[in-house]
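When a ligand or atom number is given, it counts from 1 through the structure's own listing order. Along the sequence shown, residues carry numbers from 1.
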Amino acid sequence: MSIQWFPGHMTRARRQIQEKLKLIDVAIELLDARLPMSSRNPMINDILGNKPRLIIMNKCDLADPDVTAKWMKYFRNEGHAVIAVDASTGSNVSQIPGEARKLLEEKFQKQIAKGMKPRPVRALIVGIPNVGKSTLINKLAGRTVAATGDRPGVTKGQQWIRVGSEMELLDTPGILWPKFEDQEVGYRLATTGAIREEILNVEDIAFYALKYVASHYWGRLSERFGITGDAIDVEDSDEVVRVMEDIGRKRGCLMGGGRVDLEKASGIILRELRSGKLGRLTFEEPYSFMVN
Ligand code: G4P
C-alpha cells in the first residue's frame, strides 16, 4: 500500500468520511494494537465529532497483551468503548455488533417505548491504510467483499453489508492518514510494516525498532538472537549498533573483510519482529501520551 498524502488528499478524504458519517449511527475506529497512537489519525476527534464511537484495537494477536490492557483502559478513560480483536482469525470480532448496539441503547429504548422496532445499527469502519479494514469487513461480512476503492461521489455505489440481525456495515471503509509530520510516528509505522520501507532508510528503521525492543524487551531479544550480557544502554547509539552487528554476524550477514552487512541484518531484524518471532510486541505505551 503506497499512498502519497497531500493536503488536497486529506481534505478530500475528510469530506468523503463526513459524507458517510451522515449515513451511519456508529463509527468504528480501527487501530493497530501494536501502535494505538501512531496508527491513529491526528484529527480523528474533529472528523468524527460527537458520533458514537467504538474503538477496535486490531492485530492484538501480535501485540503485547499487558500493554493492550493498558491501552484499553486509556481509551475507556477517554470515554470510548473499546475491543481488542484479531481480524485475521476473527477472534473477538463477534462482539462488535453487540458493542456497537450498546452505544445506542438509550435511543433504542426510547423507540421501543414508543412501540417502534429499532432497525439494525448502521456502522462505518475508519482507519489508516494497512490497519486491517478490509480484513475486518470481510470477517464481519462472512465473505470476501470486493474492494471497490474510495471514489468521489461517495454515496453512489455503496452497499450495506448485513452483519447478523443487529448491524449493517458500509462496504467501503473511510481511509484516514496517520500523523506524517511526526518522524517518530513514521518510524513506528515502518517498524510494523504499515508504511513501505522505501520511504525511510531500512537501517534507520531497524535501528529505531531495535532501540525500542532492547529497552522494553531485552530478554526476548537476547534469547532470540543469542546475545549474551546485560541489557544495553539504548541511549548510546554505539551500543545499539553493536547489537545490530552482533545479530548480523550470527545470521551470516557478512561482507568482504569481515564487515557486517547492516542492510541485510536490518531486513532480518524487521522481518522477525513483524512476524512475531520475538513474541507479541507493542511499540508504544500509553504513559508516553498522558499529560501530566
Ligand atoms: P487495510 O484494508 O486497512 O489497508 O488493511 P488490510 O485488511 O489489507 O490488512 C493489512 C494487512 O494486515 C494484511 O496482511 C492483513 O492480512 C493483515 N491483518 C489484518 N488484520 C490482522 C490481524 O488482526 N492480525 C494479523 N496478524 N494480521 C492482520 P498482508 O500481509 O498485507 O496481506 P495478506 O498476505 O494477509 O493478504
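Here the shortest heavy-atom distance to atom 10 (C) of ligand 1, taken over Asn130, Asp86, Leu176, belongs to Asn130.
Contacts between Leu62 and ligand 1 below 4.0 angstrom, taking non-hydrogen atoms only, involve the side chain exclusively. In Asp61, the part holding a heavy atom less than 4.0 Å from any atom of ligand 1 is the side chain.
Taking distance alone, with nitrogen or oxygen atoms compared against 3.5 Å, Gly132 approaches ligand 1 more closely than that limit. The shortest N or O to N or O distance between Ala87 and ligand 1 is below 3.5 Å. At least one N/O-N/O distance between Val131 and ligand 1 falls below 3.5 Å.
A 4.5 Å side-chain heavy-atom check between Arg34 and Thr68 finds every atom pair outside the cut-off.
Between Asp238 and Arg242, no side-chain nitrogen of the basic residue sits less than 4.0 Å from a carboxylate oxygen of the acidic one, so the salt-bridge criterion is not met. For Arg251 and Glu272, the salt-bridge test passes: some basic side-chain N is under 4.0 Å from an acidic carboxylate O.
For Asn92, the side-chain contact (heavy atoms from CB on, under 4.5 Å) partners are Ile83, Val85, Gln95, not counting sequence neighbours.
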Using distance only, find each side-chain donor-acceptor pair of residues 96-104 under 3.5 Å and give its atom names and separation, not counting sequence neighbours.
| unit_1 | atom_1 | unit_2 | atom_2 | d |
| --- | --- | --- | --- | --- |
| Glu99 | OE2 | Lys102 | NZ | 2.9 |
| Arg101 | NH1 | Glu105 | OE1 | 3.2 |

